[in-house]
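In what follows, a structure is listed as structure tokens, so that the remarks can point back to it.
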Amino acid sequence: MVKTVGILTSGGDSPGLNAAIRGVGKAAIGAHGMHVIGYRDGFRGLVENRSAPLTRAELSGILTIGGTILGTSRDKPHRMPVGKKTMDMTDVIVETYQRHHLDALVCIGGGGTQKNAQRLVDKGLNIVTLPKTIDNDVEGTDITFGFDTALGIVTDAIDRLHSTAHSHHRIIVVEVMGHNAGWLALGAGIAGGADVILIPEIAYDVEAVAEAIRHRSRTGSEFSIVAVSEGAMSREEAAELQKAEASLVRAKRASKNGQAKKRGVRKARARTRVADIQAKLTNSTLQLSQRLEQLTGLESRVTILGHLQRGGTPSAGDRLLATRLGTACADLLNQGTFGVMVAARGDGAEPVPLEQVVGRRKIVPMDHPWIRAARNVGVCLGDG
Ligand code: F6P
């Protein structure tokens, strides 16, 4: 029987985290008579024994607040910076869990958090997770909280960029977060009426993008909005990265076969090559804008929305989703269902075994209705 439960938030913050903490906490205390402890700054709070009781008072008034009252970090239990070293702190987390007499731990986060939570399941801890991220890329759930708010923020930004792009007869290239998934750029691009939407799932041909913009100019629209996902790549960039990643996989396989030192050097080289390409890609939105200017003869400007997309008050949709999943989480704790993520399924919530979630990323499938809808309203997706 669960009497004492811990909660932490981990990974990048997102709107709806406080609504989720409140949902879990209020239901755990009110409906099930549990005692709730919050851990600071993700898994690090358990390592450094930084916690605070979450009573009705702490859980009150936080529903509408962005960020997380607990703080967050991207620290991983098995590879945590401690002083100048990186150490495996998993056993310290287990010790704190036992010392605090926790019966279960709720980990709220994205794909990385699900993976870290599974590591604690493997150590015998009772874990339940909740899916949050503005990227909407967690496997096994219909949607993650944070996404709906970010969708609104990006759509609003695209709306505003329209009037300035139109007035100056310019191209505006707006970079949208989303990591390696295109949900946010695609969703907000459609909702905001972007003319071109570039996502990581479709390697783009810059000539095809330029032609779509030139076509608009020829037909009387001398401005264009290009919504580009931060992970989007041109065909050439995608091919270069794919080649480097393939040689890293080969190098890793060879070193697994025990072919010693030379293989280690090869692996390190392959890793550096992948990192170099990824670093180069961080400037690709600027380069795309310059290239489009050359190819179309129109002036082009870049807007990088950055962390604005994660800030501020959660939308009504995210508050509702986080409360729905949070309260369902408390019910699962009470039933003694562990090792699961509470997934959104239609109007309900469903436990999904963590092994079915970790190591996978939910990307936009090519037959998704949003792809069809975008094409059918004449959006260029960069593939000709
Ligand atoms: O996962 C959420 C996210 O905002 C991604 O969209 C983005 O790639 C990343 O986090 C940025 O991380 P950080 O805040 O650590 O720079």
Side-chain angles (χ1 to χ4, degrees), residues 8-18 20 41-44 66-68 70-76 79-81 86 107-117 129-141 143-158 173-189 197-201 227-233 237 241 274-275 277-286 288 302-315 318 321-322 341 357-364:
L8 61 82
T9 53
S10 176
D13 73 327
S14 93
L17 278 169
N18 287 325
D41 301 335
F43 295 98
R44 186 168 282 275
T68 158
L70 294 175
T72 186
S73 73
R74 292 199 183 273
D75 287 314
K76 303 175 177 73
R79 254 195 283 136
M80 197 172 284
T86 299
C107 304
I108 311 178
T113 302
Q114 312 299 326
K115 214 185 261 178
N116 291 324
T129 69
L130 290 176
K132 81 69 231 194
T133 165
I134 64 163
D135 304 340
N136 195 33
D137 62 350
V138 176
E139 180 68 28
T141 181
I143 190 166
T144 58
F145 54 84
F147 177 65
D148 183 64
T149 309
L151 194 62
I153 294 170
V154 180
T155 302
D156 179 59
I158 295 176
V173 182
V174 51
E175 186 186 284
V176 179
M177 277 187 172
H179 202 216
N180 292 321
W183 296 106
L184 196 51
L186 182 60
I197 303 175
L198 305 176
I199 59 175
E201 292 83 350
V228 55
S229 190
E230 62 179 348
M233 281 179 267
E237 288 165 341
L241 183 63
V274 170
I277 295 170
Q278 279 165 342
K280 206 169 70 182
L281 286 173
T282 55
N283 292 321
S284 63
T285 302
L286 204 57
L288 171 66
V302 170
T303 299
I304 297 179
L305 296 176
H307 291 80
L308 273 177
Q309 296 160 94
R310 291 206 323 232
T313 296
S315 66
D318 274 337
L321 176 64
M341 177 183 80
V357 176
V358 301
R360 296 170 196 195
R361 176 177 293 131
K362 191 180 80 178
I363 58 171
V364 182

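Every number for a ligand or one of its atoms is a count from 1 in the order of the listing.
Checked against a 3.5 angstrom limit, the closest N/O atoms of G178 and ligand 1 fall inside it.
Between the side chains of D318 and T149, at least one donor N or O sits under 3.5 Å from an acceptor N or O. Side-chain contact of T72 with D13: a donor-acceptor pair under 3.5 Å is absent, judged by distance alone.
Neither the backbone nor the side chain of Q309 comes within contact range of ligand 1; no heavy atom lies under 4.0 Å.
Atoms of ligand 1 found under 4.0 Å from any heavy atom of H307, numbered from 1 in the order shown, are 13 (P), 14 (O), 16 (O). Heavy-atom proximity to E230, at under 4.0 Å, picks out these atoms of ligand 1: 5 (C), 6 (O), 7 (C), 8 (O).
A side chain to side chain contact (heavy atoms under 4.5 Å, CB included) with K132 holds for exactly one of I108, T9, T144; it is I108.
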Q: Test side-chain contact (heavy atoms from CB on, under 4.5 Å) on L8 and F43 and set out the steps.
A: CA-CA 7 Å; L8 61 82; F43 295 98; 3.9 Å; yes

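In terms of protein heavy-atom proximity, atom 11 (C) of ligand 1 is nearest to R310 NH1, 3.6 Å. Of the protein's non-hydrogen atoms, R74 NH2, 3.6 Å is the one closest to atom 9 (C) of ligand 1. The shortest contact between atom 1 (O) of ligand 1 and any protein heavy atom is with D135 OD2, 2.7 Å.
Proximity of G110 to ligand 1 is not established, as no heavy-atom distance is less than 4.0 Å.
Counting only distance, with no hydrogens or angles, the side chain of E230 and the backbone of H179 share a donor-acceptor pair below 3.5 Å.
The closest side-chain heavy-atom distance from D137 to N180 is not below 4.5 Å.
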